[in-house]
Amino acid sequence: MTPEEYKKLISQCAVNIRPIVELAYVTAMRKGEILKLRWDQVDFKNKIIVLEAAATKTLEKREVPWTLG
C-alpha cells in the first residue's frame with residue numbers, strides 16, 4: 001500500500017475504526033491479534049506489543065514494535 005493509498009483509506013474510516021486500521025498499518029498485526037489485544041500487553045515506554053502464543057497464527061509468542069506518535 002502506498003502512503004497515498006493509506007491516507008485515502010484512513011480518511012474514509014469511521015472515527016472508532018481508525019485506531020485499529022492505524023495499528024494494523026504500523027505493526028502488520030492481523031485483525032484477530034488486534035481485537036484480542038489487552039492493555040497489559042502494551043509496553044508504552046519501549047513501544048512494544050507482546051502477543052501471547054495463543055493469539056498468533058504461528059502459535060509463537062512475539063514482540064511487535066510500533067512507531068505511532
Side-chain angles (χ1 to χ4, degrees):
M1 175 177 288
T2 67
E4 293 78 23
E5 291 171 328
Y6 172 69
K7 288 177 187 176
K8 187 174 182 178
L9 173 64
I10 286 297
S11 72
Q12 298 299 312
C13 287
V15 174
N16 61 325
I17 299 298
R18 189 171 292 167
I20 296 169
V21 174
E22 290 174 341
L23 184 62
Y25 183 76
V26 300
T27 64
M29 289 172 59
R30 295 174 179 87
K31 178 180 76 170
E33 294 170 337
I34 293 171
L35 296 178
K36 293 176 186 175
L37 195 58
R38 297 184 323 268
W39 287 114
D40 64 337
Q41 293 172 270
V42 182
D43 180 345
F44 287 97
K45 180 180 177 186
N46 297 307
K47 293 190 174 186
I48 293 175
I49 297 170
V50 179
L51 297 176
E52 297 170 357
T56 67
K57 183 178 177 180
T58 61
L59 299 178
E60 294 180 11
K61 180 180 175 179
R62 75 178 210 256
E63 293 183 352
V64 181
W66 89 83
T67 57
L68 282 177

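Hydrogens, waters and symmetry mates play no part in the numbers below; they use all other heavy atoms, side chains included.
Electrostatic pairing of Lys7 and Glu4 does not count as a salt bridge here, judged by no charged N lying under 4.0 Å from a carboxylate O. By the 4.0 Å N-to-carboxylate-O rule, Asp43 lies too far from Lys45 to be salt-bridged with it.
Nearest approach of Cys13 to Val21, heavy atoms of both residues: SG-CG2, 3.8 Å.
Hydrophobic cluster membership differs between Leu9 and Val15, with clusters built from Ile, Leu, Val, Met, Phe, Trp and Tyr side chains linked at under 4.5 angstrom. Connection of Val50 to Phe44 is not established within any shared hydrophobic cluster, with ILVMFWY side chains joined at heavy-atom distances below 4.5 Å, either directly or through further cluster members.
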> When you look at Tyr6 and Glu22, which way does the side chain to side chain contact (heavy atoms under 4.5 Å, CB included) test go after all the steps?
Replying inline: CA-CA 9 Å; Tyr6 172 69; Glu22 290 174 341; 3.3 Å; yes
>> One pair to check against side chain to side chain contact (heavy atoms under 4.5 Å, CB included): Trp66 and Val42. What are the steps and the verdict?
In response: CA-CA 10 Å; Trp66 89 83; Val42 182; 3.7 Å; yes
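Remark: Lys61 NZ to Gln41 CD distance equals 10.0 Å, nearest 0.5 Å. The distance from atom OH of Tyr25 to atom CD of Glu5, rounded to the nearest 0.5 Å, is 9.0 Å. Taking OG1 of Thr2 as the reference point, atom NZ of Lys8 lies at 10.0 Å (rounded to 0.5 Å).
Side-chain contact between Met29 and Arg62: present, with at least one pair of heavy atoms (C-beta onward) separated by less than 4.5 Å. The closest side-chain heavy-atom distance from Leu37 to Leu23 is below 4.5 Å.
No side-chain donor-acceptor contact under 3.5 Å links Glu63 to the backbone of Ile48. Of the possible polar contacts, one joining the Glu33 side chain to the Arg30 backbone as a donor-acceptor pair under 3.5 Å is found.
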